[in-house]
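Since the structure comes first, as structure tokens, the remarks are kept for the end.
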Amino acid sequence: MTLQLYNTLKRKKEEFKPITPGQVKMYVCGVTVWDYCHLGHARAAVTFDMVVRYLRYLGNKVTYVRNFTDVDDKIINRANKEKRDWKELAQFYIDDYEKSMSLLGCESPSDEPKASEYIQNMQDMIAQLIDNGHAYAASGDVFYAVRSFNGYGKLSGKKIDDLESGARVEVGETKRDPLDFALWKAAKPGEPAWKSPWGEGRPGWHIECSCMAKALLGDTFDIHGGGRDLIFPHHENEIAQSEGANGCEFARYWMHNGTLDIDSEKMSKSLGNYFTVHDVLKNYDPEVVRYFLLSANYRSPLNYTTQALDDAKKALDKIYETSARVKSNSAGPAADGNPTFAAAQAGSLPSASPAHMWFQKFTDALNDDFNTPKAYAVIFDAVRDVNRGDADAVAAWPRFIEVVSETLGFAGSNADAYIERQTQLATQKSGVDPAQIEQLLADRKAARAAKDFKKSDEIRDQLTAMGVTIKDRPDGTTEWKLS
RNA sequence: GGCGCGGUGCCCAAGUGGUUAAGGGAGCGGUUUGCAAAACCGUCAUGCGUGGGUUCGACUCCCACCCGCGCCUCCA
């Protein structure tokens, strides 16, 4: 099965064929950097990171551009309010974003352009749009004449006349049509401004993406992504600008991730119902968060609840505990000498092998419009095969988990390190003293040695009350886990 | 008001016009264990929002309705 992806433009799944076979050019709308990024931003970043990883796994060379909007009302207002330089403020939140996304396992994009560095490109495109009859200057502003572009609405499925009757669009003094949007805004006092043929000013929001995509990927490229909430007007306007200026198709495939919700409502700054990535990482391991973010189809809404995060942790724990078991059973590198392991590495497992089916089903799932929940099901089929003790399954597991890690971006850490991290985080959260746990375990060990099971069970109950689960190993040692 | 998306077991979440509706979590029974934990085995939706229709047959297609959400204004 070849990769199928849902194209918002066509409203259906279609086979993905890059313009140049083996090479994918992709642009994803990043964030406006005026505050700390929240989990909704993380969902978008993680989604497209997974997409890029999988495209690369399939053997494509991917150029992945994700922008920063660093010229914007919110940034300017906040900078003025806090008496900071707008550029410094933007950079501060860019750093925060990059750090957060990197923690969540997102690889750095090929390019992360900033709007402020493409002012000239924007002026060039605006001039081109005026030449082409799609834009007009009016008292220092330049507007896009929406009705001049007859494809307007093709992405969002909106009809211009319906928009008009919406009547929520304010008629600006200089706009010829209430639907027209700003490409260039005349300078106001206290705002950053650049010289232009239309007077001092700054760009509108949408033009930057058209220009940065053109500069870094060309007039036509393969995939344009972003959050569902950007379909209109942002992406619709990008199409109008780029196709109006360049005279050719802009992006071939449009992909949109669903929103991250709280109580089934979109997490957003304006509603105030958001958690920053920092907030969430105080309580959950980054890999757990990433697991959670990919646990539903990327196009569906995803509801944030502590239970969902707790469930994600349990599921990921189960995967890692399986890895730890495989490692301790095979004593590590010994797996290299196993023919099944070698075959898995080479991707040539016999088709009858259960492990062969994992790889097949896993890629089938992701080929089906990046169906991560279906891929998760395959992982747990593999977990079961391995824990049953099937020798081939055990041998193939390390390679399988490598593929999972390469494509989904989790489960690839050292298992012992992961488990240790969970313990530390849980200890931190609960405030339980590890030394006290060790002491109780030592007492229990003594009681058990003396066959005083009443006492040893009492100690275990005490530990359970503290949230500690213990596991006696055959070698006489005891593991503990805080939940 | 316009456009669009979704309603699947206790929770989360895939999926298909027709033999047994994935997977995770929780629960329950079992194997194992001194007892536990983990793991494994079994069990857990005669039903997939409601009411109609199409069909030999629909949860999957169509219509209506109810409910939730998104966009129409900045928003990943």
Side-chain angles (χ1 to χ4, degrees), chain A residues 8 11 28-32 34 37-48 66 69 72-74 97 153 156-159 161-170 179 205 225-234 236 256-261 263-271 274 291-292 295-297 299-303 305 307-319 321-322 324-325 361 365 368 371-381 383-384 386-389 448 451-454 456-457 460-461 463-464 468-474 478-481:
Chain A
T8 307
R11 288 172 191 75
V28 173
C29 287
V31 289
T32 301
W34 66 284
C37 53
H38 61 60
L39 207 56
H41 301 125
R43 185 181 189 196
V46 166
T47 294
F48 289 105
R66 186 181 64 199
T69 299
D72 165 89
D73 287 348
K74 284 177 175 154
Y97 181 88
S156 57
K158 293 185 185 301
K159 295 186 187 75
D161 294 329
D162 290 344
L163 288 169
E164 193 93 71
S165 67
R168 290 177 70 172
V169 190
E170 280 180 39
L179 296 178
W205 173 36
R228 224 180 164 64
D229 45 5
L230 293 182
I231 294 173
F232 190 89
H234 186 54
E236 196 69 63
H256 293 97
N257 63 278
T259 52
L260 186 86
D261 298 353
D263 297 328
S264 299
E265 289 194 327
K266 187 173 89 166
M267 177 181 287
S268 74
K269 287 283 166 60
S270 40
L271 287 173
Y274 64 93
Y291 182 99
F292 162 70
S295 64
N297 182 286
R299 288 189 280 126
S300 309
L302 178 62
N303 215 21
T305 59
Q307 200 198 336
L309 268 295
D310 290 342
D311 285 355
K313 180 187 179 299
K314 283 176 192 158
L316 189 58
D317 282 359
K318 188 167 179 167
I319 297 170
E321 279 157 14
T322 302
R325 203 168 286 126
K361 286 179 172 173
D368 181 15
N371 191 330
T372 50
K374 210 194 262 181
Y376 280 21
V378 180
I379 298 173
F380 289 100
D381 286 343
V383 163
R384 194 175 358 91
V386 170
N387 285 331
R388 271 174 184 159
R448 291 182 77 216
K451 302 272 182 207
D452 185 351
F453 293 120
K454 186 168 179 288
S456 75
D457 287 352
R460 188 177 52 213
D461 290 344
L463 286 161
T464 305
V468 177
T469 311
I470 59 172
K471 176 180 173 186
D472 295 324
R473 287 196 296 214
T478 298
E479 284 176 33
W480 59 274
K481 186 177 169 180

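A, B, ... follow the sequence lines: proteins, then strands. Residue 1 opens every chain. Everything quoted here is computed from the prediction, not taken from an experiment.
Using atom C1' as the reference point in both rC35(B) and rG23(B), the two lie 32 Å apart (nearest Å). Taking atom C1' in both rA58(B) and rC63(B), the straight-line distance is 15 Å, to the nearest Å. Across rA14(B) and rG7(B), the matching C1' atoms stand 15 Å from one another, rounded to whole Å. Only the C1' atoms considered, rC12(B) is 33 Å distant from rG2(B), to the nearest whole Å. Using P as the reference atom, rU43(B) and rC61(B) are 30 Å apart when rounded to the nearest Å. rC69(B) and rU31(B) are spaced 49 Å apart, taking the P atom of each and rounding to whole Å. When the C1' atom is compared between rU32(B) and rA36(B), the two are found 11 Å apart, to the nearest whole Å. A gap of 32 Å separates the C1' atoms of rG25(B) and rG18(B), to the nearest Å.
When heavy atoms are screened at a 4.0 angstrom cut-off, Ile470(A) is found touching base atoms of the nucleic acid. The residue Asn387(A) sits close only to the backbone: its heavy atoms come under 4.0 Å of sugar-phosphate atoms, none of a base. In this structure, Gly157(A) reaches the sugar-phosphate backbone alone: every heavy-atom distance under 4.0 Å involves primed, P, OP1 or OP2 atoms, never a base. Gly389(A) comes within 4.0 angstrom of no nucleic acid atom, judged by non-hydrogen atoms across all strands. When heavy atoms are screened at a 4.0 angstrom cut-off, Phe453(A) is found touching base atoms of the nucleic acid. Residue contacts for Leu260(A): at a heavy-atom cut-off of 4.0 Å it reaches a base atom on one of the strands shown. Using a 4.0 Å heavy-atom distance criterion, Lys451(A) is classed as making no nucleic acid contact. At the heavy-atom level, Asp72(A) lies nowhere under 4.0 Å from the strands shown. As judged by a 4.0 angstrom heavy-atom cut-off over every strand, Ala315(A) is placed among residues touching the sugar-phosphate backbone only. Among the atoms of the strands shown, base atoms are found under 4.0 Å from some heavy atom of Ser456(A).
Applying the 3.5 Å distance criterion, the base of rG1(B) shares no donor-acceptor pair with the side chain of Asp162(A). With hydrogens and angles ignored, no donor-acceptor pair closer than 3.5 Å exists between the side chain of Arg11(A) and the base of rG4(B). Put simply, the side chain of Asp472(A) and the base of rC35(B) share a donor and an acceptor less than 3.5 Å apart.
Taking the nucleotide of RNA chain B with the nearest heavy atom to each of Lys314(A) and Glu321(A), the more 5' of the two is matched to Lys314(A). Nucleotides of RNA chain B nearest to Ser300(A) and Lys318(A) differ in position, and the one nearer the 5' end is that of Ser300(A).
Cation-pi contact between Lys269(A) and Tyr274(A): present, with separation from the ring centre below 6.0 Å and deviation from the ring axis of at most 45°.
Taking CH2 of Trp34(A) as the start and OG1 of Thr69(A) as the end, the distance is 13.5 Å to the nearest 0.5 Å.
Base pairing annotation: rC61(B) forms a Watson-Crick or G-U wobble pair with rG53(B), both donor-acceptor distances under 3.5 Å. When both distances must be under 3.5 Å, the Watson-Crick or G-U wobble mate of rU43(B) is rG27(B). Remark: rC3(B) base-pairs with rG70(B); criterion is Watson-Crick or G-U wobble with both hydrogen-bond distances under 3.5 Å. Across all strands shown, nothing is found opposite rA14(B) as a Watson-Crick or G-U wobble partner with both distances under 3.5 Å. Across all strands shown, rA21(B) forms no Watson-Crick or G-U wobble pair with both distances under 3.5 Å.
Rounding to whole angstrom units, CH2 of residue Trp480(A) and P of rA36(B) are separated by 23 Å. To the nearest angstrom, P of rG23(B) lies 20 Å from CG of Asp317(A). Nucleotide rG2(B) holds its P atom 18 Å from the CG atom of Leu179(A), rounded to whole Å. Per the geometry, NZ belonging to Lys159(A) stands 11 Å off P belonging to rG2(B), to the nearest Å. Atom CZ of Phe292(A) is separated from atom C1' of rC11(B) by 13 Å (rounded to the nearest Å). Summarising the geometry, the separation between CG on Leu302(A) and C1' on rA76(B) is reported as 13 Å, rounded to the nearest angstrom. As rounded to whole Å, 11 Å separates atom C1' of rG23(B) from atom NZ of Lys361(A). One can place CG of Leu309(A) at 19 Å from P of rC11(B), the figure rounded to the nearest angstrom.
Look at Asn371(A) and you won't find any side-chain N or O under 4.0 angstrom from OP1 or OP2 of rA14(B). The side chain of Arg388(A) places an N or O atom within less than 4.0 Å of a non-bridging phosphate oxygen (OP1 or OP2) of rC41(B). Distances shown here put every side-chain N or O of Lys313(A) at or beyond 4.0 Å from the OP1 or OP2 atom of rG24(B).
For Asp457(A), taking side-chain heavy atoms from C-beta onward, the closest of the listed nucleotides rC41(B), rC35(B), rC11(B) is rC35(B). Closest approach to the Asp311(A) side chain among rC74(B), rG24(B), rA76(B) is made by rG24(B) (side chain taken as heavy atoms from C-beta onward). Side-chain atoms of Pro373(A) lie closest to rA14(B) of the nucleotides rA76(B), rG34(B), rA14(B). The nucleotide whose nearest atom lies closest to any side-chain atom of Thr469(A) is, among rG23(B), rA76(B), rA37(B), rA37(B). Of all nucleotides listed (rA13(B), rC72(B), rG24(B)), rC72(B) comes nearest to the side chain of Leu163(A). Of the candidate nucleotides rC11(B), rA38(B), rA76(B), rA38(B) has the atom nearest to the side chain of Arg325(A). Of the candidates rA76(B), rA14(B), rC35(B), rC35(B) carries the atom nearest the Arg460(A) side chain, counting heavy atoms from C-beta on.
Asp263(A) places no side-chain N or O within 3.5 Å of a backbone atom of Glu265(A) that could act as its donor or acceptor partner. Formation of a donor-acceptor pair under 3.5 Å by the Arg43(A) side chain with backbone atoms of Gly258(A) is found in this model. A distance-only check finds a donor-acceptor pair linking the side chain of Asn303(A) to the backbone of Ser264(A) [under 3.5 Å].
The environment of Asp461(A) atom CG is dense: over 12 non-hydrogen atoms of other residues, nucleotides or ligands sit within 6.0 angstrom.
Salt bridge absent: Asp317(A) and Lys314(A) never bring a charged side-chain N and a carboxylate O closer than 4.0 Å.
Put simply, the side chain of His38(A) reaches to within 4.5 Å of the side chain of Met267(A), judged on heavy atoms. With a 4.5 Å cut-off on side-chain heavy atoms, Tyr97(A) and Val31(A) count as touching. In this structure the side chain of Lys471(A) never reaches within 4.5 angstrom of the side chain of Lys481(A), judged on heavy atoms. Side-chain contact between Phe292(A) and Leu260(A) is present, with at least one heavy-atom pair separated by less than 4.5 Å. In this structure the side chain of Arg66(A) never reaches within 4.5 angstrom of the side chain of Phe48(A), judged on heavy atoms.
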Atom pairs, N/O to N/O, protein against nucleotides 65-70 of chain B, distance under 3.5 Å?
none

